[in-house]
Asks: 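Have a look at this one.
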Amino acid sequence: MIVKFTKLSLVLLFTLSLSAFSQQKTVSGKVVDNIGAPLPGVSVLVKGTNTGTQTDFDGNYSINVSQGQVLIFRYIGFKTQEISIGESNTVNLRLEEDTQALSEVVVIGFGEKSRKSLTTSVSSAKMEDIKGIATSTVTGALQGSVTGLQVNQNSGTPGAGFSVRVRGSSSIAGSNEPLYVVDGIPIFSGAIGDNGFGGQDNDVLSSINFADVSSIEVLKDASASAIYGSRGANGVVLITTKRGKSGKVSVEVNSYYGFQEEIDRYNIMTTGEYFRFADTALAGSFPTIPAFASRGAFTGINQFAAQGFTDPTDQAQLEAFYALSFGDNFVNEIHKPGNIEVKQTDVSVSGGNEKATFYANFTDFKQEGVIYGQEFDRRSLRLNVDFKPTDKFNLDAGISITEADNSRINSDNNIFGAFATSVLETPGATLRDELGNFTPPTDFSFSNPLQNALEDDSDERTFRVLTNMGMRYFINDHFNVYGRLSLDRLDFKSTRRFSPNSAQGLGANGEIFKEILLVNNWNGLGTINYRQKFGEFDVTALAGFSFEGVNTDQTEVDRQNFPFGFKSVLNGATVIQGDNFITENKLFSYFGRAGVSYKDKLFFEGTLRADASSRFGNGNQTGYFPAVSGAYVLSEDSWFKNNIVTSMKTRVSWGQTGNQSGIGNFDSFFLTGSVDFAGTPGNAIVQLANPDLKWETTTQTDFGVDLTLFGKIDITYDYYRKDTEDLLLNRPLRNSSGFTTITENVGEMENRGHELSINARIFEGQFKWNSQFQISWNSNEVTKLTRDANGEFIPIDSGFASRTAVGQALGAFFGLKADGLYQTLDEIPAAVQARGIRPGDIKFIDINGDGNITADDRTFIGNPNPGAIGNFRNSFSWKGFDLSANFQFEIQKDIFNATRQFAGATGSAGFNKFKSETNFWTPTNTNTNVPAPRFGSAQSFNNQDSDFFVEEGDYLRLKEIVIGYTLPKDWTGDKYSLRVYVGGDNLYTETDYSGLDPEINTFGSANVSRGTDFFTQGLNKTVKIGFNLKF
Amino acid sequence: MKKFNKLSLIFLSVLVFSCADEFVDTEPQLNLPGEQQITNINTATDALNGLYGGLQSASIYSGDYIFLTGLFADEYRHSGSFPSFAEVGSNDPSINNIDVQQIWTAHYSAIFRANRIIELVPGLTNIDQSDRDIITGQALGIRAQLYFNLVRMYGGVPLVTKAPLSSSEIVSTDAPRETTQVIFTQINSDLNQAISLMNGFDQSTYAFNNSAAKTLKAHVLFEQGQYPQAKPFIEDVLNSGNFDLATSYASLFGDPANGTVANSTETIFAIKFTATDGNGMGFFFNNSRGGRFEVAPSSFLLSAFEPGDQRRGLIVPTGTNFQIEKYSRPGDGADDTYVYRFADVVLLYAEVLARENNFIDASFVLNIVRQRAGLSDVTLNASNFIDIIAHERFVELYAEGSSDRYNTTKRLGLLDNIIQLKPNAVFNPVRQNLFPIPQQEIERNPAISSADQNPGY
């Protein structure tokens, strides 16, 4: 009997224990980060099964699991943890940040990778660092944030264009700007419009809302950008916009308000100082007419007499006249007084659940310019949604609508613009009379600068819709297919008005020019993605196709001769222009990428893209762009493990990319054009067939090392060689053929450089200090151009003094060499003296020793491409306070200060001059570098292009400094998070450059005439206050 | 299920692969394909209008061809600022002179357009024979005129009678300087063909019609010294009944309101210009009339007129200078440019008669032109006829599209003396009063080297 009972109880016991093992229970808990904040969206998986869930907005999860099983907690950027399930039904967890740089996730073309597995050179711009910058265009915030990326704002006018270079320039005729991709869609970028209103560009990127951006990656080497094929040669900037996360709906409001002031303003002579200068200049050529300028040589107005003086030979009277300062300071008058504001407010709402998430944003940005009539504002709306209706099917969609208004004046880079004329006009007049009316433009040489700024204007409105929709279908665990369609639609309208009273409009009795440019850029893509692990090998592959088209429809109308007060084109009595242009181009591509990794430490990848473009000639319809790369993470090997170098990876890559931007849409076609003969229509052949026309090819090799020292200092170093060939250039044809040139792929250029980025997490506890130093060097050389009949390379001249020649950097400066001033007559060679040159004139060097200064004495005198660029950024945080400062620098670069050829002592004496020129050379004031004032051929002699105008453009600038305070949770409660901050942009600039700003480019993004300054507005410094509110 | 997926994938990729080529086919919207330039009567007519448009070039009948030849002779003096004009005014154009180069290039550009028509129109069966002949005839006549201008200015030049379709064709075709005989052979062949094709086509002052071709033929024969052979052509034009001298010289040259409109019976061939498609004759005028005053009448021209010569009336004082006002609308260039007028042919006739020693008839004919100008008669004889005819042509045809002063004085052997009389002019007899072959052509044309440059340059 006892035996029976024991058997039974044994069986019972056994059964009980069995069920204890197999019985599922619900385990729940909360996952937080290392400072205790809840982590939503953490993956919680039961190891060895398909069961899993995610934490909610408060970091809570709940899952069915059996005791003894293991839960895996995984979250991007944090160290994965595995917890065995014991008796307890609650498992709370604190995840540690995985601060190893290699765990960062990086967006690449058509996908994402962890930085560890990246075999190519891709830099990420950290959004926390750059999102506060008060700029109208997203590229402005990228300055001083990524190695190898040179960003310059071309002008200080609001909405001005930027020129961006990734690892130097590699094209002469095409664009050197990188390809911009927003959410996987290559968008229409660059300057548009046919303004002709001063020299500022209309940069279409100003219609991308910066507040929507969640990450920016720059694909720098060929291997990374080869997947963009014939458009990847200049690098690719991948912009990803924000998307919702599942959880409670969260709202974020960010706002800032800033006060701007120009960094520097031109300082011009007073009226008396100017007349002393001009009289001295004319005295040499008109010795019998004393005080000729003061008595009206240039303006016809005898200011000397008007101020009550009688005897121009009386030195005392002259001195008294020269001491006067009457009339307006034109430069000051055109600048707006008071607050020049810049402000932005953006509100975003995001949220969702496991099946659907959304992100919506509205942003309003406004920036005034420092001169009357300048303003840029933009309003934008975005909605991004993601649906996951089933496990196998995802849908993503987004739409963004932007309207940007840019008011500009006739200004930059233009001698008839308000900016230039305010400096150059002869002083002495007032801009308005006693009744407040404008002094008429006929009293001025170019225009009444204030009237110019207030009455002539150009209003530009850009309306842009970027929309896309994609679907992903998971065939199984290894394969998924993705398809997407998108549209980038840009409507650009510009109305330029010359008032009937202003200098520009007077002759025509008013002129209104209106342009309407409609751009439709649509594309679609389909990819199939594969991933599978085979033991220790992890294979990923991608194959796909894409098709794209850009249609442009441009209408220009222009009328003159308006009845008083009418402001619409329609009202003009004289038709000047009524034109419409339509053009299009298309691209069809196949691409594929395959990568394999071994034991998560050895990585290989290859890509191939084939592009067929409507622009390429029939002989070259398809281009092929291959790339291979590999990386080895040494620190994964056990023999490597040490405490100093805690992680190390070496990379090597090689690839070929193309640039088709230099080819017009129909450049390879045999074309007949319309030609009119005195009002009768006619036709004629206007273009010969050019079937060999093709893209420019860049072959790039990159060696890189990423290492981390002491677990705290991340260092990335890259060395690259970029060789570009098949550069598009005009090849001359014999004139007797009926055509003079044809475009051919003949040129070659090379870029060599290094990039170094050091990021140190010096302190990571309660007090955080992060320091970043980045520097990149690039050296550029043109190696081949078209040849003339003697086999010599033909140099290309452009801009003021820029020359592109073999053996020199692109757009190097070319001119005479100067060596101070002549002090005595004996120093001056006879042939030069015969031309009227005297002591006080510039001593040019006679390079060819022929006794005279001629065009043959010219040589290369400067290089506008910086030898090195970089930044130095420090961020601190402690108990809710945060402080960050970023210094940005460019060194070893030259600027050709063409403004001094007008407003400097060697410019025509009819123009006013900079204050610095009062220290001009005279026989009694010889210790100066300012040449003597001259007129006629001696003045033209001194004013020749030479290194007298070439200055060092090196600069160090405090790009941004911000102090912020996040209110403690005790005050705001758990629900709200509020940070307030105060900061400044461009507050401090250290440079030897005498002009307004060493960063600007008069010719915008033009390739071959960079580094020239001709009356271009400089940037502004801004002091701003703002807040970030989240709830 | 798996099989179905595989099949649809293959199907999709095949579909996708076949789309690529068609997809990137684009059609230019602003232009027609070159192959469609000349395919029917409409396009052939358009191409012909395009050829006339080519003659409107600033470097041909809109200005430079007229200015530079006149500056080289004693027709104008340089009163402006262009260094290139200054060089020609002192008879020392550099081989790099930009305007000398542009005249060359513009002529060849127009020759290209003529070549297209001559090559393609005769083969179009969808056009009436007579229309084809008239279009082709005009193109041939214009091509002859263009080569005639070139050979007189530059000497032997490349003979291009085929329009290349691609740059590789240009590069692979040899284009050396031909001798003047070869060029004249081509000119004569083109003209003979033009005259026969355009038999009876004399309408329209703006078309290079049968009479224009015959007038040109006469000039060509004169240039070659074949005066008796020229006579029938001159007589054809004189007797055609389509032309006559206008009653007043001044009426030929319009007024500021309407500009010069070549619609009188005197016009044999003129180039049409309008307000939106104007010429460059503003160079004759000073700023108050919207001009540049780059080119002014020379002292030789001013003193060439006899007292009472009404033709002097088209030169008008302006401040301390004089300006030629045969073109009335310098602001927008809406004046037609005469190339051949009836008076030109009358003077040719006078010369041809004089050369066959028929001085009575020669004088009679010459005096018709003089009477129109309000002058008394002169009598020609063996020793004076060359000078008198040269003088009469000078005062009748100055500042017009035929560039007559340079061409006639060169033909008559008078230009050497004329240049030596000009102050500040460089006389280099070796140059034979030719312009230099543009240096750019020499550099870009492998068949022409510096050794082939005209002597003296």
Side-chain angles (χ1 to χ4, degrees), chain A residues 475 479 481 526 528 543 545 547 549 553 580-590 610 612-616 621-622 665-666 669-692 731-740 742 744 788-790, chain B residues 5 9 12 16 19-21 23-26 28-37 43 46-54 56 101 104-105 108-109 111-113 115-116 157-158 160 163-168 170-171 173 175 206 272-274 276-277 438 440-446 448:
Chain A
I475 300 175
F479 283 96
V481 285
I528 176 162
F545 71 93
F547 55 88
D553 187 333
N580 176 266
F581 318 91
I582 297 183
T583 187
E584 68 171 353
N585 69 66
K586 293 195 206 156
L587 186 69
F588 195 98
S589 321
Y590 302 110
S613 167
S614 65
R615 287 169 161 174
F616 303 153
Q621 197 84 61
T622 310
N665 287 340
F666 300 102
F669 285 67
F670 180 38
L671 293 177
T672 309
S674 63
V675 170
D676 91 282
F677 167 55
T680 318
N683 75 26
I685 298 290
V686 292
Q687 187 172 283
L688 293 178
N690 200 350
D692 293 333
R731 178 237 178 105
L733 295 171
R734 60 178 165 85
N735 305 35
S736 52
S737 65
F739 291 88
T740 46
I742 196 137
E744 264 194 356
D788 64 15
N790 297 329
Chain B
N5 281 346
L9 264 169
L12 211 66
V16 155
C19 282
D21 280 332
F23 180 81
V24 296
D25 254 336
T26 46
Q29 302 269 19
L30 304 176
N31 299 93
L32 285 183
E35 296 82 0
Q36 289 179 23
Q37 191 209 359
T43 47
D46 286 343
L48 186 63
N49 286 330
L51 173 57
Y52 285 110
Q56 288 182 313
Q101 174 202 306
W104 171 285
T105 308
Y108 276 104
S109 185
I111 287 170
F112 178 92
R113 294 185 186 183
N115 286 343
R116 287 283 295 174
V157 294
V160 179
L165 299 180
S166 67
S167 55
S168 43
I170 293 176
V171 169
T173 310
Y206 300 119
K272 187 163 197 262
F273 288 95
T274 63
T276 46
D277 193 11
Q440 197 179 68
E441 174 77 27
I442 294 180
E443 280 170 7
R444 295 176 175 191
N445 187 341
I448 304 183

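Lettering follows sequence order; numbering is per chain, from 1. Quick caveat, the model's predicted, so the values are computed rather than measured.
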Asks: Non-hydrogen atoms of chain B under 4.5 Å away: do they reach the side chain of A/S737, the backbone, both or neither?
Replies: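 Contact with chain B: backbone and side chain both.
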
Asks: What pairs with A/T740 under side chain to side chain contact (heavy atoms under 4.5 Å, CB included), at least two apart in sequence or on another chain?
Replies: B/T105, B/R444

Asks: If we only count heavy atoms from C-beta on, is the B/Y108 to A/N735 side-chain gap below 4.5 Å?
Replies: no

Asks: Just jot down the ring-ring contact (aromatic ring centres under 6.0 Å, His included) partners of B/F112, sequence neighbours excluded, or say none.
Replies: A/F739

Asks: Would you mind checking which part of B/N49 comes under 4.5 Å of any heavy atom in chain A, side chain (CB onward), backbone (N, CA, C, O), both or neither?
Replies: both

Asks: Report yes or no: does B/E441 contribute a side-chain atom to a donor-acceptor pair with the main-chain N or O of A/S736 at less than 3.5 Å?
Replies: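 Yes, the answer is positive, given that a donor and an acceptor are paired below the 3.5 Å cut-off.
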
Asks: Between A/N683 and B/A47, what is the shortest heavy-atom contact and its length?
Replies: OD1-CA, 3.1 Å

Asks: Using heavy-atom distances under 4.5 Å, tell me whether A/D676 contacts chain B through its side chain, its backbone, both, or neither.
Replies: both

Asks: Looking at chain B, which one of A/F670, A/F616, A/F669 has the largest number of heavy-atom pairs inside 4.5 Å, strictly under?
Replies: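 Of the options given, most contacts go to A/F670.
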
Asks: Pick one of side chain, backbone, both or neither for A/Q621, based on which atoms fall under 4.5 Å of a heavy atom in chain B.
Replies: side chain

Asks: Go through A/V686 and B/N31 one step at a time and tell me if the side chain to side chain contact (heavy atoms under 4.5 Å, CB included) criterion holds.
Replies: CA-CA 9 Å; A/V686 292; B/N31 299 93; 3.8 Å; yes

Asks: Non-hydrogen atoms of chain B under 4.5 Å away: do they reach the side chain of A/I742, the backbone, both or neither?
Replies: side chain

Asks: Does any backbone or side-chain atom of B/L165 lie under 4.5 Å from a heavy atom of chain A? Answer side chain, backbone, both or neither.
Replies: both

Asks: Could you label the plane-to-plane angle of the A/F547 and B/F23 rings as parallel, tilted or perpendicular, counting under 30° as parallel and over 60° as perpendicular?
Replies: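 A/F547 and B/F23: perpendicular rings.
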
Asks: Which residue out of A/P681, A/G673, A/G526, A/P691 racks up the most heavy-atom pairs below 4.5 Å with chain B?
Replies: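 Option with the top pair count is A/P681.
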
Asks: Between B/N115, B/L30, B/D25, which residue shows the highest count of heavy-atom pairs closer than 4.5 Å to chain A?
Replies: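 Between B/N115, B/L30, B/D25, the count favours B/L30.
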
Asks: Based on non-hydrogen pairs under 4.5 Å, which of B/I442, B/V171, B/V157 is most in contact with chain A?
Replies: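 So the answer, after comparing B/I442, B/V171, B/V157, is B/V171.
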
Asks: Looking at A/T672 and B/P33, would you say the former's side chain and the latter's main chain have a donor-acceptor pair under 3.5 Å?
Replies: yes

Asks: At a heavy-atom distance under 4.5 Å, which candidate from A/Q687, A/E584, A/K586 has the highest pair count against chain B?
Replies: A/K586

Asks: Give, as side chain, backbone, both or neither, the part of B/P158 having an atom under 4.5 angstrom from any heavy atom of chain A.
Replies: side chain

Asks: What are the two closest heavy atoms between A/L671 and B/P28, and how far apart are they?
Replies: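 Looking at all heavy atoms of both residues, the closest pair is CD2-CG, 3.6 Å.
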
Asks: Between OH of B/Y52 and OG1 of A/T680, what distance do you get to the nearest 0.5 Å?
Replies: 11.0 Å

Asks: Show the nearest heavy-atom pair for residues A/F677 and B/G53, with the distance to one decimal.
Replies: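 Reported closest heavy-atom pair: CD1-N, 3.8 Å.
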
Asks: Side chain from CB out, backbone as N, CA, C, O: work out which of these in A/R731 comes under 4.5 Å of a heavy atom of chain B, or both, or neither.
Replies: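 For A/R731, side-chain heavy atoms alone lie under 4.5 Å from chain B.
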
Asks: A side-chain contact here means heavy atoms from C-beta on lying under 4.5 Å apart; do A/F666 and B/T26 qualify?
Replies: yes

Asks: Just give me the residue among B/Q29, B/Q440, B/Q37, B/K272 that pairs up with chain A most often, heavy atom to heavy atom, under 4.5 Å.
Replies: B/Q37

Asks: With side chains defined as the heavy atoms from C-beta onward, is the minimum distance between A/V675 and B/R113 less than 4.5 Å?
Replies: yes

Asks: Taking side chain as C-beta onward, heavy atoms only, is B/T173 less than 4.5 Å from A/R734?
Replies: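 Yes; the side chains approach each other to less than 4.5 Å.
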
